Amino acid sequence: MYDVMIIGGGISGLTLAVKLGQCNVKTLLIEKDKKSGLIYKGELLQPKSLEVLDRINTLDVVKENGFILPSIQFHEYTQKQDGSMERLSVNEFRYDLIDSPYNTSLMIPHERLKELLFIEVSKYDSVDYIQPAKFTGFTEDPPHEKKAIIQTKEGEQEIHAFFYVGAEGRASPTRTSMEVDMKSTKYNHHFLTVSFPRPESLNQSTIITTQNKFVGLFPLPNNEVRSVLLIKPGEFKTMRKEGLESFYRAYCELMPELDGYVQQIDTWKKIQLMIPVRHNVSSYVKDNIILTGDAAHSVHPMAGEGMNLAIQDSDVLGELLCWMFKKNKTEWKHLKWYEKVRKPRAEYVSRLSHQAALLYSFPYRPWQKLRIRGVKQTEYSPVLHYKQMLNTSGLGIWKFNLIDRMKQAGILPVKAGVKQISEKRESKVMFTKDDDYPWYRKWDGRK
Ligand SMILES: Cc1cc2nc3c(=O)[nH]c(=O)nc-3n(C[C@H](O)[C@H](O)[C@H](O)COP(=O)(O)OP(=O)(O)OC[C@H]3O[C@@H](n4cnc5c(N)ncnc54)[C@H](O)[C@@H]3O)c2cc1C
């Protein structure tokens with residue numbers, strides 16, 4: 001019998017397996033896919049995820065394989081009738097406003113990060129790994145005796161564990177078996193995503209937009225760049241009919257420097273269609289079954305948060321399970337700590353990502369003006385800028401209130417300047433270890 005069975009060897013499952021391996025909890029991790037395919041997923045690590053990776057001793061190797069991005073630039077253009085572009089604004093949001101050793105973002109290819117986490121998992125004898133193995137459901141036994149049914153090369157097997165973690169991503173059979181409610185939102189746009197070689201000068205996260213066009217460019221190591229191009233639903237088909245030229249044109253119009261680079265994508269097979277959805281489940285835990293990562297919440301990719309929520313869920317859940325086994329407090333009721341810490345944080349980030357998505361969802365001139373004003377006011381005001389970066393970073397939450405939103409919309413004035421956020425304020429809005437792992441204080445009085 002295993003202490004914990006993790007279903008899904010994505011970023012969330014692997015991070016959790018590392019945490020459990022490091023505290024010697026007997027764990028089984030299963031993954032249904034034989035090997036990785038050409039699937040682009042989250043590649044941008046936010047500051048809190050860097051902190052988590054540091055806590056599990058993998059930050060140095062991740063940095064060696066990643067590309068540090070200390071800020072994100074927003075370029076707004078208008079396209080004139082003759083097709084030429086006129087720049088309307090450039091703004092920059094900077095992570096270094098946050099007083100933390102992790103105040104930067106980092107790009108790393110998704111599969112490379114998984115490989116690095118897998119190398120770490122392999123160091124621990126207490127973690128078994130089966131791949132390919134597909135979870136199909138639970139037996140009908142009473143909760144304490146419930147077993148997971150998996151399909152492997154050897155046929156069907158039943159696995160008994162004390163706790164089961166559904167980390168299977170968006171389409172989670174564990175979530176289905178829990179019968180929890182789920183709210184979903186769809187969007188009026190899709191994305192095409194692909195990585196390709198980049199000019200050396202493209203070394204910052206850059207979002208380039210016009211009234212009705214959007215491309216996001218996120219530099220990767222080895223002089224590559226991951227790109228996301230916003231398209232209308234159905235447009236992918238039209239573009240494919242037109243040929244790759246239509247794809248190259250979409251990029252080069254927005255950033256002429258990409259000419260000669262984007263053309264190195266020589267087949268549509270390399271380009272992936274990404275349909276954004278947002279969902280949040282009503283509960284992350286039922287009896288001894290727990291959901292993490294995209295199985296619990298999937299967020300619009302605009303704010304680059306999906307993979308980060310997955311890593312941060314697994315950090316808190318892993319720490320909690322380690323504590324439960326170490327202290328022999330394996331009653332299911334303690335799992336509520338995980339939901340208590342992670343659900344409000346993930347829901348807030350999901351809301352922010354949704355709001356960011358809306359800013360780019362409507363192809364109207366007044367909408368572009370509103371967006372330009374919002375970004376400009378946020379950069380201009382030290383408090384709004386700080387809030388924006390803190391909330392994005394995952395290192396803390398300082399919520400935007402109605403007055404902030406009115407300032408961003410230009411209804412109220414903002415005060416510019418270099419005002420520092422006071423230490424007292426920072427101590428209230430940044431997450432401490434006590435905030436991340438509150439059960440230590442409640443039960444042990446100390447960490
Ligand atoms: C197409 C796509 C593009 C994305 N692009 C971005 C982006 O640009 N930026 C961003 O921040 N986020 C992006 N995301 C989201 C981000 O990648 C996810 O939030 C993150 O990968 C979540 O990690 P996870 O471990 O929860 O789930 P996943 O990464 O989905 O991993 C789940 C794993 O479980 C396995 N699995 C599934 N079912 C079973 C089963 N029955 N039995 C065993 N194993 C199973 C899967 O094969 C997979 O390996 C994207 C997601 C998708 C799907």
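This chain uses plain numbering: 1 for the first residue, then up along the sequence. Just so it is clear, the values below take in all heavy atoms, side chains as well, and ignore hydrogens, waters and symmetry mates. Keep in mind that what you see is a predicted model, and the values were worked out from it rather than measured. First listed ligand is number 1; within each ligand, the first listed atom is number 1.
In summary, R342 and E339 do not engage in a salt bridge, as defined by a charged side-chain N under 4.0 Å from a carboxylate O. Under the 4.0 Å criterion applied to side-chain N and carboxylate O atoms, D436 and R345 are assigned as salt-bridge partners. Electrostatic pairing of R87 and E76 does not count as a salt bridge here, judged by no charged N lying under 4.0 Å from a carboxylate O. A salt bridge does not link E347 with R351: none of the charged nitrogens is closer than 4.0 Å to a carboxylate oxygen. The pair K48-E51 meets the salt-bridge criterion, with a side-chain N (NZ, NE, NH1 or NH2) lying under 4.0 Å from an Asp/Glu carboxylate O. The pair R198-E224 does not meet the salt-bridge criterion, since no charged nitrogen lies less than 4.0 angstrom from a carboxylate oxygen.
In this structure, atom 38 (N) of ligand 1 lies nearest to the protein heavy atom E168 CB, 3.4 Å. Among protein heavy atoms, atom 31 (O) of ligand 1 sits closest to G10 CA, 3.4 Å. Scanning all protein heavy atoms for the shortest distance to atom 19 (O) of ligand 1 gives D294 OD1, 2.6 Å. Among all protein heavy atoms, the one lying closest to atom 34 (O) of ligand 1 is G8 CA, 3.2 Å. The single protein non-hydrogen atom nearest to atom 5 (N) of ligand 1 is M274 SD, 3.4 Å, given as residue, atom name and distance. For atom 48 (C) of ligand 1, the closest non-hydrogen atom on the protein side is E31 OE1, 3.5 Å. Nearest protein heavy-atom contact of atom 44 (N) of ligand 1 is K32 N, 3.2 Å. When only non-hydrogen protein atoms are considered, atom 27 (O) of ligand 1 lies nearest to G169 CA, 3.5 Å.
No N or O atom of K114 sits closer than 3.5 Å to an N or O atom of ligand 1. Between R226 and ligand 1, a contact under 3.5 Å exists for at least one N or O pair. Taking distance alone, with nitrogen or oxygen atoms compared against 3.5 Å, P173 stays at or beyond that limit from ligand 1. Checking only distances, F135 does come within under 3.5 Å of ligand 1, N or O to N or O. Close N/O approach between G306 and ligand 1 is found [any backbone or side-chain N/O within under 3.5 Å]. Polar contact with ligand 1: present for S12 (N/O pair, distance under 3.5 Å).
The aromatic rings of Y129 and F118 sit tilted relative to each other, their planes meeting at an angle between 30° and 60°. Taking the six-membered ring where the residue is Trp, Y77 and H75 present parallel rings, their angle staying beneath 30° rather than reaching 60°. Between W323 and W439, the two ring planes are tilted [angle within 30° to 60°].
Of the candidates A296, G9, G216, G42, the one placing a heavy atom closest to atom 12 (N) of ligand 1 is G42. Taking only non-hydrogen atoms, the option from K41, R170, Q272, H110 nearest to atom 30 (O) of ligand 1 is K41. Comparing A167, A133, G13 against atom 32 (C) of ligand 1, the shortest heavy-atom distance belongs to A167.
For ligand 1 and D33, the ligand atoms under 4.0 Å from any heavy atom of the residue are 47 (O). If you number the atoms of ligand 1 from 1 as listed, the ones under 4.0 Å from a heavy atom of Y40 come out as 1 (C), 2 (C), 3 (C), 4 (C). Set against the non-hydrogen atoms of G293, the atoms of ligand 1 under 4.0 Å away are 26 (O). Close contacts between ligand 1 and E305 involve ligand atoms 11 (O) [criterion: under 4.0 Å to a heavy atom]. In summary, the atoms of ligand 1 found under 4.0 Å from a heavy atom of K134, numbered by their order in the structure, are 41 (N), 42 (N).
Here the NE2-CG distance, from H110 to L45, works out to 10.0 Å after rounding to the nearest 0.5 Å.
Two rings, from W268 and F236, have their centers less than 6.0 Å apart. A distance below 6.0 Å separates the ring centres of H385 and F93.
Applying the side chain to side chain donor-acceptor pair (under 3.5 Å) rule to N103 yields no partners; only residues at least two apart in sequence or on another chain are considered. Every residue meeting the side chain to side chain donor-acceptor pair (under 3.5 Å) condition with Q46, not counting sequence neighbours, appears here in chain and number order: Y95.
Ligand 1 does not have L44 within reach: every non-hydrogen atom of the residue lies 4.0 Å or more from it.
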